[in-house]
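Both backbone and side-chain heavy atoms feed into the values below; hydrogens, waters and symmetry mates do not.
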There are 2 protein chains.
Amino acid sequence: MVKISDVARHAGVAPSTVSYVLSGKRTISEDTRQRVQESIEALGYRPHAGARALASNRSNVLALMLPLRPGIHVPVVMQFAAAVVTAARAHEHDVLLLTQEEGADGLRRVAGSALADALIVMDVQLRDERIPLLRELNRPSVLLGFPAEPDGLTCVDLDFRAAGALSVRHLAELGHRCVDLVGSPPEVYERETGFAQRVAEGFAESAAAYGVASAVHPCEATPEAARAMAERLLALHPELTAVVVHNEPVVAPLVAAFRELGLRVPEDLSVVALCPDEIAAQAPLPITSIAIPADELGARAVTLLMSKLKGVPVSDATLLPPRLTIRASSAPRH
Amino acid sequence: MVKISDVARHAGVAPSTVSYVLSGKRTISEDTRQRVQESIEALGYRPHAGARALASNRSNVLALMLPLRPGIHVPVVMQFAAAVVTAARAHEHDVLLLTQEEGADGLRRVAGSALADALIVMDVQLRDERIPLLRELNRPSVLLGFPAEPDGLTCVDLDFRAAGALSVRHLAELGHRCVDLVGSPPEVYERETGFAQRVAEGFAESAAAYGVASAVHPCEATPEAARAMAERLLALHPELTAVVVHNEPVVAPLVAAFRELGLRVPEDLSVVALCPDEIAAQAPLPITSIAIPADELGARAVTLLMSKLKGVPVSDATLLPPRLTIRASSAPRH
DNA sequence: GTGAAAGCGCTAACAA
DNA sequence: TTGTTAGCGCTTTCAC
């Protein structure tokens with residue numbers, strides 16, 4: 001194995017000089033830098049990660065804990081992971097993969113053994129055993145999502161309130177005057193003070209602002225519930241011309257149900273969904289949608305961590321703006 | 001930070017004794033072991049990963065390179081990754097995540113810097129820039145899939161030939177006497193001497209063995225091609241009662257096409273697919289299928305690496321047996 | 001602008 | 001069965 005002293009000898013300098021050329025932590029004459037770089041190339045030198053971590057107290061590794069539980073949409077997780085790895089590499093860091101299964105112990109382990117300098121935790125629950133740990137751990141961390149008590153933690157997420165508002169805005173601008181929200185299952189609203197509520201709030205506020213008649217309907221995540229919901233909505237609001245859906249499994253069945261009930265989409269009824277792009281794009285009728293911006297979330301999580309590692313303070317909450325992709329399911333009211 | 005000397009002092013032993021208690025590399029009296037363990041607990045000691053890697057020349061980290069390119073079915077990748085992490089943890093190892101994008105350089109980097117002890121590479125292409133590197137690198141590796149020249153490399157994959165055979169066997173046992181294979185796009189057969197051929201071979205051999213009439217039809221991966229294929233098959237073989245599909249995007253469209261042509265599935269025509277379980281299970285009509293056993297592949301890849309790390313030789317090729325899941329698309333011929 | 005040398009925390013050879 | 005100690009390869013302080 002080629003080591004720093006080999007490079008130093010080859011270049012006719014001290015090992016510390018090689019180290020400084022690599023780190024840029026002190027000024028080196030152009031001449032020496034050149035020679036050292038050439039020696040590094042010539043010998044194919046790569047610093048030993050462990051030795052580096054030991055001496056510098058930095059592993060240059062981020063730990064990323066991903067959920068594997070059902071209900072999480074897998075492509076979104078992968079997209080997020082890929083974005084994290086790519087962003088980390090751009091900052092000379094590597095990524096250690098942990099599964100949610102490992103829980104708080106896993107985080108404690110990689111932090112305690114100095115395997116990782118910082119932690120990214122996806123799929124944060126409102127009451128999460130990892131939260132208290134992350135507080136006491138003296139390693140920077142970023143959470144994807146917001147727990148019940150986010151104070152002092154750095155959290156990143158889609159701005160769900162803005163997403164709810166944006167869905168209404170899109171429909172209002174198409175001329176719709178009556179829009180209902182088909183939401184998540186009832187227990188999601190009861191149990192969590194989380195994103196489902198925020199979508200509903202943004203939806204309701206924006207509807208009020210646009211003078212659009214609106215209502216929110218929690219809905220179980222089954223095709224049968226979707227069918228029943230479609231019938232109920234038509235019975236309740238004959239004047240309904242647009243629907244926002246925030247409930248992934250229900251998107252396709254709901255559209256199918258409306259069609260079976262004799263409504264044409266988008267001619268008679270426009271549909272906007274909050275769901276992963278894969279679901280919206282691959283539906284029989286491509287659905288206008290607002291997606292979780294997994295790429296941006298991953299990249300942002302990493303840049304936040306990098307700031308924290310440098311000691312630069314960052315804001316606790318980062319809410320990414322929603323983006324709406326117009327597909328075939330929404331059209332002007334007529 | 002608690003270090004090994006703190007534990008040693010607390011337990012009244014030498015640091016090396018603590019090390020040996022942890023590694024089990026020499027016999028320790030039950031009494032000492034007990035005291036040391038208690039001190040470890042009491043102080044919350046965790047060995048410094050970098051120091052360990054430096055002194056022992058082992059990082060206890062596996063690098064896992066995953067594909068993100070389109071065409072790869074994402075849930076399968078995630079499932080594989082999860083299995084690798086879980087298996088690695090069972091062997092006291094962690095997993096470093098690399099993206100295919102990093103290519104050979106990424107592997108060289110993590111191997112050269114001693115970040116990882118061993119490498120797992122998924123989605124191996126027939127002509128892959130990483131293959132020559134893996135040969136010359138003095139780190140054990142396992143490939144998922146088979147390159148053109150697999151000699152000397154440790155490869156793991158589904159036994160595609162057996163999968164082809166199994167699909168026929170299932171249908172033959174249901175009484176079908178005429179079975180066609182709708183395969184991958186033509187260029188896959190031309191370009192690759194890989195899994196597509198092996199499926200076709202296993203299919204053809206098994207058909208011959210069961211005395212079943214059969215034919216192989218490459219098929220483009222589009223709904224239109226699926227529709228055309230359905231028409232063509234019916235025209236060619238009016239007596240056809242079963243079809244095997246090895247072409248993910250075509251599974252659902254093909255079934256739909258047969259139905260539109262007046263055939264009932266499975267009453268008039270049985271269908272078996274080689275595709276990820278998600279696709280088979282979530283089709284409008286759940287499809288009897290043989291899946292890529294991502295869990296087993298991941299676990300096996302890790303155990304193979306562990307053997308290699310211990311210096312135990314392993315066989316070059318590991319072919320996992322196919323498993324067929326019976327769903328609603330296959331039934332006895334009548 | 002550069003060098004010398006003291007550790008970082010652990011493992012494993014050697015010694016008892 | 002246990003202790004002593006010499007590194008592992010790097011970073012960083014101190015010195016010039």
Side-chain angles (χ1 to χ4, degrees), chain A residues 1-37 39-40 43-61 92 94 109-117 309, chain B residues 1-37 39-40 43-61 92 94 109-117 309:
Chain A
M1 184 202 186
V2 182
K3 40 201 193 192
I4 200 168
S5 57
D6 298 330
V7 176
R9 199 172 318 116
H10 187 273
V13 298
S16 59
T17 300
V18 177
S19 176
Y20 283 120
V21 165
L22 251 18
S23 70
K25 287 188 181 171
R26 80 179 179 192
T27 47
I28 304 279
S29 73
E30 190 43 40
D31 181 48
T32 345
R33 140 173 280 111
Q34 194 77 37
R35 281 209 323 287
V36 170
Q37 285 291 10
S39 298
I40 288 174
L43 302 181
Y45 168 66
R46 296 185 188 274
H48 187 290
R52 210 167 224 198
L54 180 56
S56 69
N57 204 22
R58 274 266 203 279
S59 65
N60 277 27
V61 168
E92 309 270 63
D94 271 284
R109 184 174 59 78
V110 297
S113 65
L115 246 182
D117 295 333
L309 282 171
Chain B
M1 184 203 185
V2 182
K3 40 200 190 193
I4 200 168
S5 57
D6 298 329
V7 176
R9 199 173 318 117
H10 187 272
V13 298
S16 60
T17 300
V18 177
S19 175
Y20 285 120
V21 166
L22 251 18
S23 70
K25 287 189 181 172
R26 80 179 179 192
T27 48
I28 303 281
S29 73
E30 189 45 40
D31 181 48
T32 333
R33 142 175 279 111
Q34 194 76 36
R35 282 210 321 288
V36 170
Q37 286 291 11
S39 298
I40 288 174
L43 303 182
Y45 169 65
R46 298 188 188 270
H48 187 289
R52 212 168 221 197
L54 181 56
S56 69
N57 204 20
R58 274 267 202 279
S59 64
N60 276 28
V61 168
E92 310 271 59
D94 271 284
R109 184 174 58 79
V110 297
S113 65
L115 245 181
D117 295 333
L309 282 171

Side-chain donor/acceptor pairs under 3.5 Å, residues 1-22 of chain A, sequence neighbours excluded:
from: A:D6; atom 1: OD2; to: A:K3; atom 2: N; distance (Å): 2.9
from: A:H10; atom 1: ND1; to: A:S39; atom 2: OG; distance (Å): 2.7

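Each salt bridge (Lys or Arg N to Asp or Glu O under 4.0 Å) pair with one or both residues in residues 23-33 of chain A, not counting sequence neighbours, appears once here: A:D31-A:R35.
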Heteroatom pairs (N/O) under 3.5 angstrom, protein to nucleotides 2-4 of chain D:
from: D:dT2; atom 1: OP1; to: B:S29; atom 2: OG; distance (Å): 2.8
from: D:dT2; atom 1: OP1; to: B:T32; atom 2: OG1; distance (Å): 2.3
from: D:dT2; atom 1: OP2; to: B:S29; atom 2: N; distance (Å): 2.8
from: D:dT2; atom 1: OP2; to: B:S29; atom 2: OG; distance (Å): 3.4
from: D:dT2; atom 1: OP2; to: B:T32; atom 2: OG1; distance (Å): 3.1
from: D:dT2; atom 1: O4; to: B:R26; atom 2: NH1; distance (Å): 2.9
from: D:dG3; atom 1: OP2; to: B:A14; atom 2: N; distance (Å): 2.9
from: D:dG3; atom 1: OP2; to: B:T17; atom 2: OG1; distance (Å): 2.6
from: D:dG3; atom 1: N7; to: B:R26; atom 2: NH2; distance (Å): 2.9
from: D:dG3; atom 1: O6; to: B:R26; atom 2: NH1; distance (Å): 2.8
from: D:dG3; atom 1: O6; to: B:R26; atom 2: NH2; distance (Å): 3.3
from: D:dT4; atom 1: O4; to: B:S16; atom 2: OG; distance (Å): 3.0

Protein-nucleotides 6-10 of chain C N/O pairs closer than 3.5 Å?
from: C:dC8; atom 1: O2; to: A:A55; atom 2: N; distance (Å): 3.4
from: C:dG9; atom 1: OP2; to: B:K3; atom 2: NZ; distance (Å): 2.8
from: C:dG9; atom 1: N2; to: B:A51; atom 2: O; distance (Å): 3.4
from: C:dC10; atom 1: OP1; to: B:Y45; atom 2: OH; distance (Å): 2.5
from: C:dC10; atom 1: OP1; to: B:H48; atom 2: N; distance (Å): 3.2
from: C:dC10; atom 1: OP2; to: B:I4; atom 2: N; distance (Å): 2.4

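Of all non-hydrogen atoms in A:R46 and B:G112, the two that sit nearest each other are CD-CA, 3.7 Å. Considering all non-hydrogen atoms of both residues, A:G50 and B:A53 come closest at CA-CB, 4.4 Å.
We find that CD of A:Q34 is positioned 13 Å from P of C:dT2, with the value rounded to whole Å. What separates CG of A:D6 from C1' of D:dC10 is a distance of 13 Å, to the nearest Å. Atom CG of B:L115 is separated from atom P of D:dG9 by 16 Å (rounded to the nearest Å). Regarding A:L22, its CG atom lies at a distance of 10 Å from the C1' atom of D:dC10, rounded to whole Å.
End-to-end axis angle of the helix from C:dG1-D:dC16 to C:dA16-D:dT1, using five pairs per end and rounding to 10°, comes to 30°.
Remark: A:D117 pairs with A:S59 by the side-chain hydrogen bond (donor to acceptor under 3.5 Å, both in side chains) rule, at least two apart or across chains.
Counting only distance, with no hydrogens or angles, the side chain of A:R58 and the backbone of A:L309 share a donor-acceptor pair below 3.5 Å. Checking side-chain atoms of B:T32 against main-chain N and O of B:I28 turns up no donor-acceptor pair under 3.5 Å.
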Practice problem: Output, in order, the C-alpha distance, side-chain angles, deciding distance and verdict of side chain to side chain contact (heavy atoms under 4.5 Å, CB included) for B:R109 and A:D94. | Solution: CA-CA 11 Å; B:R109 184 174 58 79; A:D94 271 284; 2.5 Å; yes

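Between the CG atom in B:L54 and the NE2 atom in B:H48 there is a gap of 10.0 Å [rounded to 0.5 Å].
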